[in-house]
S.K.: 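Pasting a structure here, questions to come.
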Amino acid sequence: MRSSLQAGLLVLCGLGLLHISLVTDLCLRYVKEGMRPLLIASGVVLLLLGVAGAVLDRREMGGDTHGHGHGHDHSAVPRVAWLLLLPALSLLFYAPPALGAFTAARQSAKPVAHDSAFGPLPRTSPLPMTLSDFTSRVQQDRGQAIKGRTVRMTGFVTPGDGGSWELTRLILNCCAADAQSVKVRIHGGPALPANTWVTVTGTWHPGGRLGTASAPVALDARTVTKVPRPVNGYQDALPLR
């Protein structure tokens, strides 16, 4: 591979990173929002290195007017470097989809721990909650403040057994490779396709002893409404639009 081709590959990789992190929000399918500045910086560096390499290559070619050489090519690199072309083109023209139900269905729900005392819940009805907050209230709040309360949560559909399904969020510590899922079993409501983002309102589905680990993390759905994927889809947080 000549130096000019190496430079072109660097430029292509840089453009791919800038496309998903600066021009669009595609990077949020794979990393947390806080990683975006690093991706932008990496894209700029790769782009500048590629342009600089192309300029230096043209100067060297222009300076060798008598065809002098060493008899072999110092610019050759392993053929495996061509594999960089595939992800670069993918980022530019067909970015892989975000993680979703396929991943969540193949892992256990993330353990949820509440390290401080539970305070009183706001009087708002329906009460907006994250899946983690709902889980901790159901299984750890001995005051049973969640009992009888109508709550509202947002996540995507992960199909279960026998037509059941789970409201799910995937949480990233850094990137898609360390994703962990938080799930709430939904009773009632329509059977929607996997990865459909929905907002569900309902009340806790009774079972076991509320406030202990025997209580099911489940909701009796009153309404299920399709919604767009929120910007902070990889956080277990109230949705941002």
Side-chain angles (χ1 to χ4, degrees), residues 25-26 28-29 32-33 96-112 114 118 120-141 144-172 176 179-241:
D25 289 325
L26 290 175
L28 299 182
R29 295 182 181 182
K32 296 178 67 173
E33 173 67 33
L99 297 181
F102 180 85
T103 300
R106 285 157 178 78
Q107 60 178 218
S108 301
K110 177 181 182 294
V112 176
H114 190 85
F118 287 95
L121 290 172
R123 296 181 179 272
T124 306
S125 184
L127 176 64
M129 295 191 78
T130 66
L131 276 65
S132 294
D133 287 343
F134 180 78
T135 300
S136 62
R137 285 285 183 175
V138 166
Q139 295 194 327
Q140 299 175 43
D141 181 11
Q144 301 185 354
I146 200 69
K147 187 175 184 179
R149 294 297 306 269
T150 300
V151 301
R152 181 175 67 237
M153 295 181 289
T154 298
F156 62 84
V157 174
T158 298
D161 299 328
S164 64
W165 59 282
E166 293 173 313
L167 188 68
T168 310
R169 282 285 189 126
L170 285 172
I171 305 172
L172 303 188
Q180 293 181 298
S181 60
V182 181
K183 307 173 187 177
V184 174
R185 176 74 63 178
I186 303 299
H187 294 269
L192 297 172
N195 296 314
T196 303
W197 279 84
V198 294
T199 292
V200 181
T201 62
T203 56
W204 172 66
H205 178 79
R209 182 180 177 185
L210 187 60
T212 70
S214 66
V217 183
L219 197 74
D220 285 325
R222 293 181 179 176
T223 65
V224 179
T225 306
K226 293 183 181 180
V227 295
R229 184 184 190 275
V231 174
N232 59 341
Y234 276 146
Q235 302 174 34
D236 186 28
L238 297 181
L240 297 175
R241 302 298 183 197

S.K.: Quick one, T135 and Q140 - any side-chain contact, counting heavy atoms below 4.5 Å?
M.R.: no

S.K.: For D220 and H205, run side-chain contact (heavy atoms from CB on, under 4.5 Å): C-alpha distance rounded to whole Å, both residues' side-chain angles, the deciding distance at 0.1 Å, then the answer.
M.R.: CA-CA 5 Å; D220 285 325; H205 178 79; 2.7 Å; yes

S.K.: Mind running side-chain contact (heavy atoms from CB on, under 4.5 Å) on V198 and L167 for me, showing each step along the way?
M.R.: CA-CA 8 Å; V198 294; L167 188 68; 3.6 Å; yes

S.K.: Does the side chain of L127 come within less than 4.5 Å of L121's, by heavy atoms?
M.R.: yes

S.K.: Which atom pair, heavy atoms only, marks the closest approach of G208 to P216?
M.R.: N-CD, 4.3 Å

S.K.: Which atoms form the tightest heavy-atom contact between A213 and Q139, and what is the distance?
M.R.: O-NE2, 3.5 Å

S.K.: Ignoring hydrogens and angles, write down the donor-acceptor pairs under 3.5 Å from the side chains of residues 180-192, residues two or more places apart or on other chains.
M.R.:
residue, atom, partner, partner atom, Å
S181, OG, Q107, OE1, 3.1
K183, NZ, A104, O, 2.6
K183, NZ, Q107, O, 2.8
R185, NH1, S164, OG, 2.8

S.K.: Once side chain to side chain contact (heavy atoms under 4.5 Å, CB included) is applied, do any residues pair with T225, and if so which ones, sequence neighbours excluded?
M.R.: none

S.K.: Please enumerate all residues that pass salt bridge (charged side-chain N to carboxylate O under 4.0 Å, His left out) together with R169, with sequence neighbours excluded.
M.R.: none

S.K.: Return the set of residues passing side chain to side chain contact (heavy atoms under 4.5 Å, CB included) with T223 (not counting sequence neighbours), or none when no residue passes.
M.R.: T201

S.K.: For T103, enumerate each residue passing the side-chain hydrogen bond (donor to acceptor under 3.5 Å, both in side chains) test, keeping only those at least two apart in sequence or located in another chain.
M.R.: none

S.K.: Which pair of heavy atoms, one from W204 and one from P206, lies closest together, and at what distance?
M.R.: O-CD, 3.3 Å

S.K.: Give me the atom names and distance for the closest heavy-atom approach of P126 to T124.
M.R.: O-CG2, 3.6 Å

S.K.: Mind checking whether L219 and V151 have side chains closer than 4.5 Å, heavy atoms only?
M.R.: yes

S.K.: Can you name the side chain to side chain contact (heavy atoms under 4.5 Å, CB included) partners of A105, sequence neighbours left out?
M.R.: T158

S.K.: After noting the C-alpha distance and the side-chain angles of Q235 and T130, does the key distance pass the side-chain contact (heavy atoms from CB on, under 4.5 Å) rule?
M.R.: CA-CA 10 Å; Q235 302 174 34; T130 66; over 6 Å; no

S.K.: Could you pull out the closest heavy-atom pair between T196 and P193, with the gap in Å?
M.R.: OG1-O, 2.8 Å

S.K.: Going by side-chain hydrogen bond (donor to acceptor under 3.5 Å, both in side chains), name the residues that satisfy it together with N195, two or more places apart in sequence or in a different chain.
M.R.: none

S.K.: Report the residues that fulfil side-chain hydrogen bond (donor to acceptor under 3.5 Å, both in side chains) with S136, sequence neighbours left out, ordered by chain and then residue number.
M.R.: none

S.K.: Sequence neighbours excluded, which residues qualify as salt bridge (charged side-chain N to carboxylate O under 4.0 Å, His left out) partners of D236?
M.R.: none

S.K.: Tell me, please, which residues at least two apart from F156 pass ring pair (Phe, Tyr, Trp, His ring centres under 6.0 Å).
M.R.: W197

S.K.: Kindly compute the distance separating CG (L99) from CG (L172), expressed to the nearest 0.5 Å.
M.R.: 7.0 Å

S.K.: Sequence neighbours excluded, which residues qualify as side chain to side chain contact (heavy atoms under 4.5 Å, CB included) partners of S125?
M.R.: T150

S.K.: Can you confirm whether R222 sits close enough to T203 that some side-chain heavy atom of one is under 4.5 Å from a side-chain heavy atom of the other?
M.R.: yes

S.K.: Looking at every heavy atom in both R137 and D141, which two are closest together, and how far apart are they?
M.R.: NH1-OD2, 2.9 Å

S.K.: For the pair L210 and V138, evaluate side-chain contact (heavy atoms from CB on, under 4.5 Å) and give the outcome as yes or no after the intermediate values.
M.R.: CA-CA 6 Å; L210 187 60; V138 166; 4.2 Å; yes

